[in-house]
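The structure appears right after this line, and notes come after that.
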Protein chains: 2
Amino acid sequence: MIRVGKLTDYATVILSVMAKDKNRVFAAMEMAAVTGIALPTVSKILKILVNAKVLMSTRGSKGGYTLASEPENITVAAIISALEGPIALTECSISKQACEQASGCGIRANWHLINQTIHNALESVTLADLVRPLAVPEEIYIPVASLYQ
Amino acid sequence: MIRVGKLTDYATVILSVMAKDKNRVFAAMEMAAVTGIALPTVSKILKILVNAKVLMSTRGSKGGYTLASEPENITVAAIISALEGPIALTECSISKQACEQASGCGIRANWHLINQTIHNALESVTLADLVRPLAVPEEIYIPVASLYQ
DNA sequence: CAATTAAGGACTATTTTAGTCCTATTTAAA
DNA sequence: TTTAAATAGGACTAAAATAGTCCTTAATTG
């Protein structure tokens, strides 16, 4: 299975709750209570999302977290890369060095294509789509040839 | 990073070598020599690919492995799921049980959409594309709405 | 100034993944 | 019919990645 860590899954749960009431400020403790995820873990995720600019935070009493942009503008690609790093399936897609080292390479340029295809797919889905479960979005066309420029 | 294990990466290397000479029978030892991947590891991967029907094998002396179908008909989705299991980013996409257990769910139906989108993307790339590195394929359109039926 | 809340980082435990090895089975050829 | 060359299957170990926790510091409000 191509996988994404549990933390990323938790992040979508947390962000979905926040998106449903997008102007509120949520404290970490509150999110832990609502989602059932342990507080230290929720905190960790929230901090990561702030660093990735998906969330904004305010410290001090009455502080907490809010969405940094409209749910329509927060893509699944952004959420996943916040928690998992750059979207890429293999090392060599990230650094060419790693690629050159391995023998038998020359194929791997194509992982790049695969990664781009997936990245585009993930950019086409937003947090707004996630909280609007059964809505049918407009058709999205992904011209693969555009990846080869 | 959304990731795929090293074994999957190795598998693409091995399969690419085989696709370039698609009617030959390759022994595991030969593949190890050509790719530089250790023999036990190569063997493990080849066995997995046979189980997934991506390769065919013949035992005994002069035995070895061959592609089970034309490179055009072996999709990247097939290769990845052979090594990683079903293509899905989260547990709950595979079993609904896992989904129901977690609190705060209801969002996760949408992971299903994301998984389908990725799966379609991976089905659109074949082994033939991998060995024809710089060719520009025809445009491929992925109508996301079709996933909602 | 006290209470509340986030930031940052270090650390541990758990789980997954990679990699190896052993034994059994099949086939071809001498 | 025996030997050599292959794959099949599974058990096991080691290494790496991930999840999860905790502690100390910093900021804000009343």
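Computed from heavy atoms alone, side chains included, the values below leave out hydrogens, waters and symmetry copies. Convention: sequence-line order gives letters A, B, ...; per-chain numbering from 1.
Checking the phosphate oxygens (OP1, OP2) of D:dG20, a side-chain nitrogen or oxygen of A:K6 falls inside 4.0 Å. The shortest distance between the side-chain N/O atoms of A:Y10 and the OP1/OP2 oxygens of D:dA19 is not below 4.0 Å. OP1 or OP2 of C:dT20 sits under 4.0 Å from a side-chain N or O of B:T41. Phosphate proximity of D:dA6 to B:S57: absent, as no side-chain N or O sits under 4.0 Å from OP1 or OP2. Between B:N51 and D:dA8 there is no side-chain polar atom (N or O) within less than 4.0 angstrom of OP1 or OP2.
The CD atom of A:E30 sits 15 Å away from the P atom of C:dT4 (whole-angstrom rounding). Here the P atom of nucleotide D:dA6 and the NZ atom of B:K62 are 8 Å apart, to the nearest Å. The nearest whole Å value for the distance from the NZ atom in B:K44 to the P atom in D:dT7 is 17 Å. Going from atom OH of B:Y65 over to atom P of C:dT27 covers 14 Å, rounded to whole Å. Counting to the nearest Å, the P atom of C:dA7 and the CG atom of A:L39 are 13 Å from each other. The distance between atom NZ of A:K47 and atom P of D:dC23, rounded to the nearest whole Å, is 13 Å. In this entry the distance linking CG of A:L83 with P of D:dA17 reads 18 Å, nearest Å. When the C1' atom of C:dT20 is taken as reference, atom CD1 of B:I48 falls 14 Å away, rounded to whole Å.
Side-chain proximity of A:A28 to C:dA6, C:dT26, C:dA29: nearest is C:dA6. Of the candidate nucleotides D:dG10, D:dT28, D:dA6, D:dA6 has the atom lying nearest to any side-chain atom of B:A27.
Looking only at side-chain heavy atoms (C-beta outward), B:L67 and B:L15 come within less than 4.5 Å of each other.
One N or O on the side chain of B:D129 and one on the backbone of B:T126 form a donor-acceptor pair closer than 3.5 Å. Remark: side-chain polar atoms of A:D21 are not paired, donor with acceptor, to backbone N or O of A:V17 under 3.5 angstrom.
Once rounded to the nearest 0.5 Å, the distance linking NE2 of B:H119 with OG1 of B:T75 reads 7.0 Å. Between the CG atom of B:L7 and the OG1 atom of B:T12 there is a distance of 11.0 Å, given to the nearest 0.5 Å.
Among the atoms of the strands shown, only primed sugar atoms or phosphate atoms (P, OP1, OP2) are found under 4.0 Å from some heavy atom of B:T58.
Closest-nucleotide positions on DNA chain D for A:P40 and A:R59 were compared, and the one nearer the 5' end corresponds to A:P40.
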